[in-house]
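Worksheet: the structure to be examined is printed underneath.
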Amino acid sequence: MKHFTSLFLIVFLIISCKKPESSLVDKTQKRGLITQKAMVVSARVEASKIGSDILKKGGNAFDAMVATELALAVSFPYAGNIGGGGFMVYRKNNGEIGGIDYREKAPLAATKDMYLDADGNVIPEKSTLGAMAVGVPGTVAGVFAVHEKLGSLPIETIIKPVIDLARKGVVVTKKQERRIKHFQPYFRKANKDSILLEQAWKENDTIKYNALANTLERILQNGRDEFYKGKTAKKLAAFIQENGGIITEEDLAKYEAKWRTPITFNYDDLKVISMSPPSSGGICLAQIMKMVEPFPLHEYGHNSLKSIQVITEAERRAYADRSFYLGDPDFVNIPSITLIDASYLNERMDDFSFEKATKSSDVSHGTIQIIESNETTHYSIIDQFGNAIAATTTINAGFGSKLYCSELGFFLNNEMDDFSSKPGVPNMFGVTGGEANSIAPQKRMLSSMTPTIVEKNGALFITLGTPGGSTIITSVLQTILNVHEFDMTMQEAVNAPRFHHQWLPDEIRMEPRAFDADLINQLKKLGYIINEKDAPVIGKVDGIMVLEDKTLEGGADRRGDDTAVGF
Ligand code: DON
């Protein structure tokens, strides 16, 4: 328990810097950037600008997605990547929807017990630090698949500005300076040689990413196969193996991104479109929203006692189902239809009472009779044609496995930790899993990433998402509810203080100094355990809302350096 709590703390400490005297939550900013036609919101101004410039050149949201994703790999190595993976959900201007899964996969040599010692105990750090933690990266395959199917500009026009940015360099922000410093001991532990980010980088320094620029140049010349079958693949596989990992050239050659049908559901007059497995995001979000829908949250009020109770209890039940039922749909049968069925979810809330907290030990996964066969970063884009994308990408922890390939210029993920190494033993985010999310060769590890698009009365309304591990789903949930139930602007919805419950551990995590002391006492009296220590901030939501006059409002989360750019 202690192990995952401290890891959880580390992940969140580096999402932002700690301000001891006041809350990190900005409650003052009312409206975000307003633009007439198009917008990109991401974790770094450089990436938002590169994406927005692509739109200005006449590119569509999918061209801008490729540019923004790769620009984040350069400007935000903490989570942006070509050594990781992600998910993207889209809605075209004609209403057509879709999603792509470019999630990492377990290598061919992976085994169910690969992180256990001879006594069957989880070996600390084996799934989080260094080469054994790395899953086969999917980002390059993902962006090329998107470009091939949906893009409109030549790939050179899209990638060239990213290469230029890597060569010109990226200015270090205050938050980044603290993050780099915080992680340097881990870089030392994971790497044989000193790496670029081990230098004493200070705010306003410029870091040039020449090795990454060279890799991107080769990818531009030779296409996605450069990363999976070319010189880069050979170097990458050799590098991982030299560092004790098991990824081979065959693993890279076999990798494919997959188009997936998003999860869709209605909530009042909204239609929510979110990511399907192997992300748990869409199903969990649907479960929570359908469980809270019968309650008049608007009357209870934002972050009121009753709202927090209802949302917490729905979250508790949804995460219990997540732990049991969800995994890679190519390996396990997921009863998706039943899991998001309103009558099943109403039954799940049958034992809820406003008088007393439910205990997680009294909650298990729901019973389903018919089994049908069947540190991350988010960016949102709406283009001048009315197409929208929501994309969340990650190398899992901040700087992933901390293993950095100096020759190729990027960090490798530690996504293998998102598998359940042992049933019931929590991972880095404190979430437990079972058979459905056990390790197998070529399997994708379960994710919480929840890139989401919302329609209102049939028209595009919001595109949003966030990092934050297991808190991603509940941050997306609260942001949608803030707009829909509590009439907030996009920026207010993003700024508002957040809380989180994930079944186990049985506690409500709350952003510190952001909630009223009386409210917390009332929750405690009802039997809720409150944890205000382990999550200095919860999520970093980036979203765009279409306003009634059809202009766009960006919500860029100031918990990070996130910025909206558009025209
Ligand atoms: O896929 C997932 O759910 C995690 N690997 C996401 C990691 C994350 O959000 C880290 N950021 N705080």
Side-chain angles (χ1 to χ4, degrees), residues 38 40 42-77 79-88 90 100 102 137-170 196 206-233 235-236 252 255-257 377 379-381 383 387 389 391-395 405 407-412 565:
V40 180
S42 83
R44 284 287 306 216
V45 64
E46 295 84 352
S48 299
K49 180 154 183 345
I50 280 183
S52 173
D53 286 349
I54 288 293
L55 298 176
K56 265 195 196 149
K57 280 184 191 155
N60 63 21
F62 305 103
D63 297 317
M65 180 252 166
V66 176
T68 309
E69 176 94 19
L70 296 178
L72 283 166
V74 174
S75 57
F76 194 56
N81 65 83
I82 57 170
F87 298 98
M88 186 270 278
Y90 68 84
I100 188 164
Y102 49 104
T139 298
V140 174
V143 294
F144 272 87
V146 169
H147 183 256
E148 192 181 287
K149 184 171 165 176
L150 299 159
S152 67
L153 293 180
I155 194 75
E156 189 177 2
T157 311
I158 298 170
I159 299 187
K160 188 78 181 26
V162 181
I163 297 172
D164 292 345
L165 174 70
R167 293 217 188 281
K168 194 173 105 232
V170 182
L196 182 67
T206 297
I207 309 182
K208 293 188 176 174
Y209 296 97
N210 282 314
L212 181 55
N214 294 339
T215 301
L216 290 170
E217 196 106 50
R218 282 200 308 279
I219 291 173
L220 173 57
Q221 296 307 321
N222 305 322
R224 56 94 68 201
D225 277 0
E226 169 61 31
F227 191 89
Y228 293 99
K229 294 177 181 160
K231 192 171 152 192
T232 305
K235 281 181 188 295
L236 182 57
L252 292 165
Y255 187 87
E256 295 287 349
T377 189
Y379 55 96
S380 288
I381 302 176
D383 69 19
N387 304 302
I389 69 107
T392 313
T393 181
T394 192
I395 40 178
C405 181
E407 194 180 355
L408 298 174
F410 60 89
F411 281 99
L412 287 149
V565 177

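Under the 3.5 Å distance criterion, with hydrogens and angles disregarded, a donor-acceptor pair is assigned to the side chains of E69 and Y102. A side-chain N or O of T393 and one of N81 form a donor-acceptor pair less than 3.5 Å apart. With no hydrogens or angles considered, a side-chain donor-acceptor pair links S42 and S48 at under 3.5 Å.
Shortest non-hydrogen contact noted between F227 and A233 is O-CB, 3.3 Å. Minimum interatomic distance between A38 and L55 (heavy atoms only, all atoms of both residues): CB-CD1, 3.9 Å.
Of the candidates L212, I163, N222, I159, I163 is the only one forming a side-chain contact (heavy atoms from CB on, under 4.5 Å) with E217.
Between K160 and D164, at least one side-chain N (NZ, or NE/NH1/NH2) sits under 4.0 Å from a carboxylate O, which counts as a salt bridge. Salt bridge annotation for E407-K235: present, with a cationic side-chain nitrogen under 4.0 angstrom from a carboxylate oxygen.
Shown here is K149, whose NZ atom has more than 12 heavy atoms of other residues, nucleotides or ligands within 6.0 Å.
Annotation: side chain of R224 is not in contact with side chain of I219 (no heavy-atom distance under 4.5 Å). L412 places a side-chain heavy atom less than 4.5 Å from the side chain of L236. Using a 4.5 Å heavy-atom threshold, the side chains of L72 and T377 count as touching.
Aromatic pair F62/Y90: centroids less than 6.0 angstrom apart.
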